[in-house]
Structures are given as structure tokens and as C-alpha cells.
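The block underneath contains the structure these notes are about, expressed in C-alpha cells.
Lettering of chains follows the sequences in order, A, B, ..., and the numbering in each one begins at 1.
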Amino acid sequence: MVERDEFFQVRSEKLERLRQQGIDPYPARYKRTHTIKKVLELLAKRESKPTDTEGRPVSITGRVIAVRNMGKAAFLDIRDGTGQIQGYLQRDVLGDGYDLLKDLDLGDFLGVYGKLTRTRRGEPSVSAQSITLLGKALRPPPEKWRGLQDVQQRFRQREVDLLSNQGVRERFILRSKVVEGIRRFLSNRDFIEVETPILLAVAAGGVAQPFTTQHNALSRTLYLRIATELHLKRCIIGGLDRVFEIGRIFRNEGLDARHNPEFTTLESYQAYTDYNEVMEMVEEMVSTLAMDNLGATQIQVGETSIELKPSWKRLSLREAIITYAGLDIEEYPDAQSLAAQMRERNVPVTQEDSWGRLVDKLLGDKVEPNLIQPTFLMDYPVEMTPLAKRIPGNPRYVERFEGFINGMEVCNAYSELNDPVEQRLRFEEQEELRKDHDGEDFDRLDEEFLTAIEYGMPPTGGLGMGIDRLMMMLSGQTTIREVVLFPHLSWSQEDIFREVDRRIQDMRSEDPSITNDTLFNRLSSELPGEVRSRVADGELRSRIEQRSN
RNA sequence: GGGCCGUUAGCUCAGUUGGCAGAGCAUCGGACUUUUAAUCCGAGUGUCCAGGGUUCGAGCCCCUGACGGCCCA
């Protein structure tokens, strides 16, 4: 995919030529006086005052993104992280320095020193007195108007996507601002930010498959966290009354438009509050983020207009299912009868599904797609939620809500269970369910957490929010890969070949006398199907032969 | 898992009824001292995703597969 083509060759020759002329194509430093944004502001300021002083020369730096060469003069468009300006180069001003233009390519970094002016056509420009190469590019940028379009390449080589697509750059700047906004919002409410472990002995606090890894020094299997919940509650127990963490969590699941195996969550815990107050905080926070960063609480996602201003709609889970699926889950309190009702409504179910899992499917299938305007679904069956407090007087349900926007879950929150005796029972129920429902995920019992909560935990409102999904919503994107800088993708062709080569090497070092035929047969049967199907027999044999010495 | 669409130059894309493989950008050579997607003259550039089939002849038709996108489950 990425080869050293003729473009690479031509640019390498230019690089060599520059070196021979004594020009360092990668100098260590260059004195820049202004960012491009600052220089544009400076020009506007000068022009607004009629003093008409010319001002001192400036120096700017950036990537050359266009060249309009007029022979003895040239115009370069130069872009840095703050903006874009034109450089005006003239042979009779630059003298020999002008020759650099011959070896300059699109994508190179350049420093331009000179007077800040406006051309006849009114274009802000730096009229160069000297130009300095700051970094030569050996590969050309993508097509200049449409940018890089190939979806795979955009994600695999995000830097090329970023440098050629302004909208992508803006989206990730927005992401940074939103995350900063979350920190500010919570900090203003006296939350402190903490960091909790990613490597854990037990992957508890959520319902998902963990990734596993190995700690060599301790000869111990560790799991990557699937949630930050339990450690944050331990902070609450310890007297840090308002804590939050923004961090990566890992779930060993498939990839699709809404799922990346690693993603970023905000979790916050506030002592002496409950889920009602958390709800108010969420609607306040999300609308503030939209207002501060998009300038409005109303956002447009495709054809749909969404109003984020509080208060959001509140609806009990049971009512929602009655409304959108025409089914009262209380009338079907066991998995068998509920599954039968769901089959009638064309919701795919299996024999193994637990009652909680069935309700979850019903929610995902029939309810979620209808929750376009921001909606809090409240009060979930206790089976689905081992870490939340029961509703007084209605013990089949817990004080839990999930927030939905544009048919997508964006947050999940509880009045946290702080009764240590019940917490143990609820974990044990999960373990029981796990035995009865093979292959289904349940939360895991965490002894350290149970001990912690036995020291006493205050009533607490807790929140989990998916930052990636929040960003999808705020930036009007429909896939998570558009809001994650480097999303996970399936095997690339390079990955495939690397994997094949690695296995060949392993097998040879295991058995140096192994024949090419045996190797071929072993590889054919032992390579994962995903890999084997993408390597032709001939390719496989030639790779074996290449590595036979 | 199913359906639809796609895969052609470095990039973005055309490609007629099955009859010499194309454009723009980029690149290379030349002209041009105020351009704005500069312009003008000239040049080079291909595993048409892979494999099979039909045919005198396949980028195009048929089959199989790979990869990708979208939709559905």
C-alpha cells in the first residue's frame, strides 16, 4: 500500500541536492515571531489604525500547501496549526535564496521572514526577505481539493487524513475542547479528577468481556479495565466526596459504527446525592458543552434537529417498553414468557437469554431507535443492574437511568448501592446467572470492593458517559471511527504478511530442520482463517522460500 | 449471517454496444515578477482487486474469492 514510488524518488533526489548545496533540510530550529493567526490579527490591527506605519518584519512557519509559480516570482500558501497565509517570493529580493523554490515540494515545511503586506488583490501575505526549509516531505500530500477519501487509508494513516481534510482537523479540536469543557464543568462543581488502575486482577464494575494480559514479574494474569466504577467508589468511601475520571476502558468485543474496543468514558461520583440530581447535572453539562463549543443548544444530525436544552424528557423503562413495544414486562416476569412475546414482535431471542438480557434486547430493538430527542429512561429491573440501589417500595427496580440522544445511549447512572450486605448478594446473583446463561456477560464479584464498602459508603450518585458517543452526537457523525483519532480496524494486508512471516520464523526457530512443505502444511492449518484466506498459496510458498536460509 | 453498491494512474474520479486505457490534481521539462483551484506549451505515468470462464477480442458479460462502504439481522 505504501511504497517508495517515483514521487518518493524525485523528492529524495531533491533532498540530496539540497544537502550538496549545504542546505540542512531538517534544521533543528528556526525563529518564528508569530503564528499565522497572530500575523493575520496583526495585519488587521495595523490597517484599522490610520498611522500607516509599516511595522517590523515577521517570520512565520508552516507547511507549503500550494505553489503558484510565476517564473521570477511565486506565491506559496503556507499553513500552520492556527491558519493559512500567503508567502510572496521574488527573485530580485531573494537572490540565490530563490533557487530553493526548485527543490521545494507541496508538503514541505518552510519558514518565511519578511514584511507583512497585502497584495493588489487584497490577500494577506508575507513578502519574503528570506525563506528557510524546515522539513522536507518525501511523500506528496493527497489530492488538493477533495483530500484523502479512501476510508481505510483515512483511518490507518490518520495523519494524512488530518493534513488533507480540514473538517477532520476541526472535529478533533472540537473533541479536545469538549473534554476540556467537561473538566471545567466538573471542577466548577468541586469535583476532583483522579486516576485509577487500568490493569486489574478482576475486571468488574460492568458487563463486558475483558482483554487479558500478563504481568511477567508476578506471573499473574491481569485484565484491562472494563469500567472505572469500583475504584472511583472506593475514592468516595475514602472521603473524596466528588471524584471523576476521564479515561480509556477496554471491552473485548467486535467493531462497528458505535463500538471501538477501546473507548473513553467519563465517570463521576458525588456523595450525598442521588440519580435525580445526576440527571440534572447531565442535562446541564451536555447543553453547556453544546452552547460553549457549538454556540447553540440545538444541533443538527443529518435531517434531524435535536434540542439539548434542559429539561430532558423522563420516562420509566417499563412505560417506554409499553409505548414502543406494546408489552408490559411486569406481565411476563420470567425469561420464557417474555421471550415468547418478543418472538411475536420479531425481536430475535435465544433460549439462553436471561430475563434481564431479554429486556435489554427489547430496549435496544424497540425503544432506543425512538429516543431521538434527549430522553432519560429511568428505573431498570434489578436483574440488569447489580450496583444500583433499589427503589424504596418497588424493590424489583433500581434507581438507574440511561440518557439517549438520537437513538443512541450516551450515559448511564445510578443511585449507587451502598449496602454492603446487599451488594454481596447482588454480586452472587450475577455469578448464579452466569452459571445458568452460558456465554452471556455478567458483572464479576470483586472481593476488594466488597471489603471496601463494608467500611461504609455514603449515599452517592454516580454517572458514566461515553465521550466518543457524545462526540459523535456533537459533531454530527454516524460512526465512532470519525471521532476516535486512531480507531481499530481489522487486519491490513501488511498485518497479514507480517503475521505470516512471524509464524514462519517461529516455526523455523522451533525446528530448524523443518522442510518447506511441512511448513506450508502447518501454516495452512494453523493460521487463523482470517489470515489464511487472504494469502494466496503462491504468496505463502514464496514467503517460506524467502526465509529458508 | 443477508442484501445493495464499490475496487481503474501517487490522489480524486470518468470509461459509451465487448473493439488502441482516459480526465483533473500531483509529477517532470519549458514560458511567465501580484497569483488566488494561476495560466499557457510539452512529457511521462497502469497487476483496470485476484483467479477462472464466455468470446476472434473483456476494464466492461458470467462464476468464485478477497477487500471496502452502506443498509438489514
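The gap from the C1' atom of B:A43 to that of B:A26 amounts to 14 Å, rounded to the nearest Å. Separating the C1' atom of B:G44 from that of B:A9 is a span of 11 Å, rounded to the nearest Å. The separation of B:G65 from B:U39, taken at their C1' atoms, amounts to 49 Å, rounded to a whole angstrom. If you take atom P in B:U64 and the same atom in B:C56, they sit 24 Å apart, rounded to whole Å. Rounded to the nearest Å, the gap between the P atom of B:C4 and that of B:C63 is 11 Å. When the C1' atom is compared between B:A31 and B:U16, the two are found 38 Å apart, to the nearest whole Å. Atom C1' of B:G46 sits at a distance of 15 Å from the matching atom of B:C13, rounded to the whole Å. Annotation: B:A38 and B:U27 have their P atoms spaced 11 Å apart (nearest Å).
Across all strands shown, B:G24 pairs with B:C11; the Watson-Crick or G-U wobble distances both stay below 3.5 Å. Under the Watson-Crick or G-U wobble criterion, with both distances below 3.5 Å, B:C49 is paired with B:G65. Judged by Watson-Crick or G-U wobble contacts below 3.5 Å, the nucleotide B:A38 has no partner. Across all strands shown, B:U54 has no partner, as no Watson-Crick or G-U wobble contact with both distances under 3.5 Å is found. The partner of B:C70, taking Watson-Crick or G-U wobble pairs whose two distances both stay under 3.5 Å, is B:G3. Pairing partner, B:U33: none, since no Watson-Crick or wobble contact has both distances short of 3.5 Å. Look at B:U17: it lacks any Watson-Crick or wobble partner with both distances under 3.5 angstrom.
For a distance-only test at 3.5 Å, the side chain of A:Gln86 qualifies as a donor-acceptor partner of the base of B:U35. Judged by distance alone, with hydrogens and angles left aside, A:Asn69 brings no side-chain donor or acceptor close enough to the base of B:U35 to form a pair under 3.5 Å.
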Show your working on side-chain hydrogen bond (donor to acceptor under 3.5 Å, both in side chains) between A:Glu123 and A:Tyr88 and close with a plain yes or no.
CA-CA 10 Å; A:Glu123 184 74 21; A:Tyr88 178 40; over 6 Å; no

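Taking 4.0 angstrom as the limit, A:Arg68 places a side-chain polar atom (N or O) nearer than this to OP1 or OP2 of B:A38. Contact annotation: A:Arg118 side-chain N/O to B:U35 OP1/OP2 distance is not under 4.0 Å. Distances shorter than 4.0 Å separate none of the side-chain N or O atoms of A:Lys102 from OP1 or OP2 on B:G29. Side-chain nitrogen and oxygen atoms of A:Lys144 include none within less than 4.0 Å of the OP1 or OP2 phosphate oxygen of B:U12.
Mapping A:Thr119 and A:Gln149 onto RNA chain B via the closest heavy atom, the residue that lands nearer the 5' end is A:Gln149. A residue-by-residue look at A:Leu148 and A:Val67 shows that A:Leu148 has its nearest nucleotide of RNA chain B further toward the 5' end.
Within 4.0 Å (heavy atoms only), A:Ser127 reaches no atom of the nucleic acid at all. When heavy atoms are screened at a 4.0 angstrom cut-off, A:Arg154 is found touching no nucleic acid atom at all. If you check every strand for non-hydrogen atoms under 4.0 Å, A:Gln90 touches a base.
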Can you give the donor-acceptor pairs under 3.5 Å from side chains of residues 359-371 of chain A to other protein atoms, not counting sequence neighbours?
unit_1	atom_1	unit_2	atom_2	d
A:Lys361	NZ	A:Asp353	OD2	2.7
A:Lys366	NZ	A:Arg345	O	3.2
A:Asn370	ND2	A:Lys366	O	2.6

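One interatomic measurement links the two molecules: CG of A:Asp77 to C1' of B:A37, which rounds to 10 Å at whole-angstrom precision. Protein atom CZ of A:Arg91 is 11 Å distant from nucleotide atom P of B:U33, rounded to whole Å. Between A:Glu123 atom CD and B:A37 atom C1' the separation is 13 Å, expressed in whole Å. In this structure, A:Leu89 atom CG and B:U36 atom C1' are separated by 15 Å, rounded to whole Å. When rounded to the nearest whole Å, the span between CZ of A:Phe75 and P of B:A38 equals 12 Å. Residue A:His488 contributes atom NE2, which lies 19 Å from atom C1' of B:G68 at whole-angstrom precision. As rounded to whole Å, 14 Å separates atom P of B:C11 from atom CG of A:Leu163. Across the protein-nucleic acid pair, A:Leu101 atom CG and B:C28 atom P stand 11 Å apart, rounded to whole Å.
Of all nucleotides listed (B:A26, B:U34, B:C11), B:U34 comes nearest to the side chain of A:Met70. The A:Trp145 side chain lies nearest to B:A37 when the options are B:A37, B:G69, B:U34. Listed nucleotides B:C28, B:A26, B:A73 differ in distance to A:Val10; the shortest reach to its side chain belongs to B:C28. The side chain of A:Arg121 approaches B:U35 more closely than any other nucleotide in the set B:C11, B:U35, B:G44. Looking at the side chain of A:Glu143, the nearest of the listed nucleotides B:U27, B:U33, B:C25 is B:C25.
Residues in residues 65-78 of chain A take part in these salt bridge (charged side-chain N to carboxylate O under 4.0 Å, His left out) pairs, two or more places apart or across chains: A:Arg68-A:Asp77.
Under a 3.5 Å cut-off, the side chain of A:Thr61 and the backbone N or O of A:Gly111 do not form any donor-acceptor pair.
Within 6.0 Å of NZ on A:Lys38 lie no more than 12 heavy atoms contributed by other residues, nucleotides or ligands. Counting non-hydrogen atoms of neighbouring residues, nucleotides and ligands closer than 6.0 angstrom, the CG atom of A:Asp96 reaches no more than 12 such neighbours.
Among A:Arg508, A:Arg503, A:Arg502, the one residue that satisfies the salt bridge (charged side-chain N to carboxylate O under 4.0 Å, His left out) test with A:Asp506 is A:Arg502.
Of the N and O atoms on the side chains of A:Asp517 and A:Thr515, not one donor lies less than 3.5 Å from an acceptor on the other residue.
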